[in-house]
Amino acid sequence: MVKTSMSHEDYLEAIVMLGGTTDAPVRSVDVANKLGVSKTSVNKAISALKEQELVVQPHYGDITLTEAGYAYGRSVLDRHRMLFDFLTKALGVEPEVAEVEACQMEHAISDASFEKWGAFVRSLDL
């Protein structure tokens with residue numbers, strides 16, 4: 001999978017969190033509200049994601065993920081959730097802090113390291 005920017009990963013993750021799939025579109029305004037950004041920022045990010053063939057959006061229409069976009073967004077969300085759970089359950093980090101740190105870590109860890117770390121965490125049965 002080709003990597004995109006951390007910001008664009010956040011957009012894909014938000015779309016998946018809002019229920020977006022290859023069959024279920026989401027509205028730009030909902031993405032803006034979820035991320036706390038302007039609709040203009042959403043439009044710029046979606047244009048870039050369209051160029052990367054991760055989303056489809058008719059002119060000013062709703063946003064639908066491509067297969068690749070859904071897989072990418074789902075993987076970012078899965079990373080986030082696993083990191084959040086580890087920080088809160090295994091380490092006792094406060095949820096508010098864990099939320100921010102999981103978001104930062106989900107972008108920084110390589111796929112290979114995350115895979116190994118994930119296997120380790122699953123062995124802990126958190």
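Glu9 CD to Leu49 CG: the interatomic distance, rounded to the nearest 0.5 Å, is 10.0 Å. Note that CD of Glu99 and CD of Glu94 are 13.5 Å apart. Values are rounded to the nearest 0.5 Å.
Within the 4.5 Å cutoff, side-chain heavy atoms of Arg122 are placed close to those of Met82. Residues Asp10 and Cys103 form a side-chain contact, since some pair of their non-hydrogen atoms from C-beta on lies under 4.5 Å apart. For the pair Asp111 and Arg79, the minimum side-chain heavy-atom distance is below 4.5 Å. For the pair Val55 and Leu12, the minimum side-chain heavy-atom distance is below 4.5 Å. Between Glu106 and Glu13 the shortest side-chain heavy-atom distance falls below 4.5 Å.
Among all heavy-atom pairs drawn from Thr64 and Thr22, the shortest one is CG2-O, 3.3 Å. Closest approach of Phe86 and Val121 over heavy atoms only: CD1-CG2, 3.9 Å.
Between His80 and Phe84, the ring-plane angle classifies as parallel under the 30° and 60° cut-offs.
Under the 4.5 Å side-chain heavy-atom criterion for grouping Ile, Leu, Val, Met, Phe, Trp and Tyr, Val56 is not connected to Val42 through any hydrophobic cluster. A continuous path of ILVMFWY side-chain contacts below 4.5 Å connects Val97 to Leu87, so both sit in one hydrophobic cluster.
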### Derivation of the side chain to side chain contact (heavy atoms under 4.5 Å, CB included) call for Tyr11 and Leu54
CA-CA 11 Å; Tyr11 279 91; Leu54 296 171; over 6 Å; no
- Message: Could you go through Met6 and Gln104, starting from their C-alpha distance and side-chain angles, then the distance that decides it, and tell me whether this counts as side chain to side chain contact (heavy atoms under 4.5 Å, CB included)?
- Response: CA-CA 9 Å; Met6 291 175 14; Gln104 294 169 341; over 6 Å; no
* To do: Under the ring pair (Phe, Tyr, Trp, His ring centres under 6.0 Å) rule, what do Trp117 and Phe120 come out as? Steps first, then yes or no, please.
  => CA-CA 5 Å; Trp117 177 80; Phe120 170 74; 8.0 Å; no
Only distances under 3.5 Å count here; give the side-chain donor-acceptor pairs of residues 27-36 to other protein atoms, sequence neighbours excluded, each with its distance to 0.1 Å.
from: Arg27; atom 1: NE; to: Asp30; atom 2: OD2; distance (Å): 3.0
from: Arg27; atom 1: NH2; to: Asp30; atom 2: OD1; distance (Å): 3.0
from: Ser28; atom 1: OG; to: Gln57; atom 2: NE2; distance (Å): 3.4
from: Asn33; atom 1: ND2; to: Val29; atom 2: O; distance (Å): 3.3

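Atom CD of Glu101 has more than 12 heavy atoms from other residues, nucleotides or ligands within 6.0 Å.
Here Arg74 pairs with Asp78 in a salt bridge; the nearest charged N to carboxylate O distance falls below 4.0 Å.
Here the side chain of Tyr72 pairs a donor or acceptor atom with the backbone of Thr4 at under 3.5 angstrom.
With sequence neighbours left out, the side chain to side chain contact (heavy atoms under 4.5 Å, CB included) criterion links Glu53 to no other residue.
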